[in-house]
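In what follows, a single structure is set out as structure tokens and then discussed.
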Amino acid sequence: MELNSNQIQEILPHRWPFLLVDRITDFEPGQWARGVKCVTASEPWFSGHFPQHHVMPGVLILEALAQVGAVAVLSKPENKGKIAFFGGVKEARFKAQVRPGDVLELECRLVRERGPLGIGEAVATVGGKVAARATLTFAVER
């Protein structure tokens, strides 16, 4: 099942400039989600994050992964209208730079949930090569 940007905004509370997912390409509520971020030179962070050598900040790659994971969590009927908050990041690794023109492919699989808390395994790729991976923890508001 695919979601466009308007449909994503029905699930996530994020808006420009902090909505970092352009499209959800497929997902299974409560299990996993895949999405994309089309990185452009007009992103607001490039004016200050190495203006002479544009590189997407790693923390924003993690945020994009978390937003894709939040779609998986918040698309469950019982979580409709709620917010998923970052609980932590473990084992984050950055393997490649993400630059304007790249299509950042994002995937998050939920591996554990206990009440409002959960863990997701997330990976971001560009052109089939891993750009970043991390274990993300979250808490859904009650």
Search all heavy atoms of [X] against all heavy atoms of [Y] and return the closest pair with its distance.
X	Y	answer
A132	I61	CB-CG2, 3.8 Å
A64	V21	O-CG2, 3.8 Å
V89	A134	CG1-CB, 4.1 Å
V71	I24	CG2-CD1, 4.0 Å
L20	L60	CD1-O, 3.5 Å
G120	C108	CA-SG, 4.0 Å

*Please test V59 against W45 for side-chain contact (heavy atoms from CB on, under 4.5 Å), starting from the C-alpha separation and ending with a verdict.*
CA-CA 12 Å; V59 295; W45 55 81; over 6 Å; no
*Please lay out, stage by stage, how R34 and V68 fare under the test side-chain contact (heavy atoms from CB on, under 4.5 Å).*
CA-CA 7 Å; R34 288 186 203 108; V68 168; 5.7 Å; no
Calculate, to the nearest 0.5 Å, the distance between atoms [atom1] and [atom2] belonging to [X] and [Y] respectively.
X	Y	atom1	atom2	value
R142	I83	CZ	CD1	15.5 Å
R112	E121	CZ	CD	12.0 Å
M56	F50	CE	CZ	14.0 Å
T135	R93	OG1	CZ	10.0 Å
Q67	I11	CD	CD1	12.0 Å

Indicate if [X] and [Y] have the same hydrophobic cluster label, given that clusters are the connected sets of ILVMFWY residues with side-chain heavy-atom separations under 4.5 angstrom.
X	Y	result
I8	F18	yes
L106	M1	yes
L19	L136	yes
L12	W32	no
F94	V126	yes

Donor-acceptor check, side chain of [X] to backbone of [Y], threshold 3.5 angstrom: yes or no?
X	Y	value
D102	V39	no
T137	G88	yes
Q9	N6	no
H49	H54	no

Going by an N to O cut-off under 4.0 Å, is there a salt bridge joining [X] and [Y]?
X	Y	result
E113	K76	yes
K82	E141	no
R109	E107	yes

*Start with the C-alpha distance between F138 and L110, add both sets of side-chain angles, then the distance that settles side-chain contact (heavy atoms from CB on, under 4.5 Å), and finish with yes or no.*
CA-CA 10 Å; F138 64 86; L110 306 179; 3.9 Å; yes
*Is there a side-chain contact between P51 and F46 (heavy atoms, below 4.5 Å)?*
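No; the side chains remain at least 4.5 Å from each other.
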*Kindly indicate whether the side chain of C38, heavy atoms from C-beta on, has any atom under 4.5 Å from the side chain of D22.*
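Side chain of C38 against side chain of D22, heavy atoms only: contact under 4.5 Å found.
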*salt bridge (Lys or Arg N to Asp or Glu O under 4.0 Å) pairs, two or more places apart, involving residues 43-58*: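 Counting only pairs at least two positions apart or across chains, the salt bridge (Lys or Arg N to Asp or Glu O under 4.0 Å) contacts touching residues 43-58 are K37-E43.
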Got a sec: does the [atom1] of [X] have more than 12 other heavy atoms crowding it under 6.0 Å?
X	atom1	answer
R114	CZ	no
F86	CZ	yes
E78	CD	yes

*asked:* Could you tell me if E2 and T25 have a donor-acceptor pair between their side chains, going purely by distance under 3.5 Å?
replied: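 Short answer, no.
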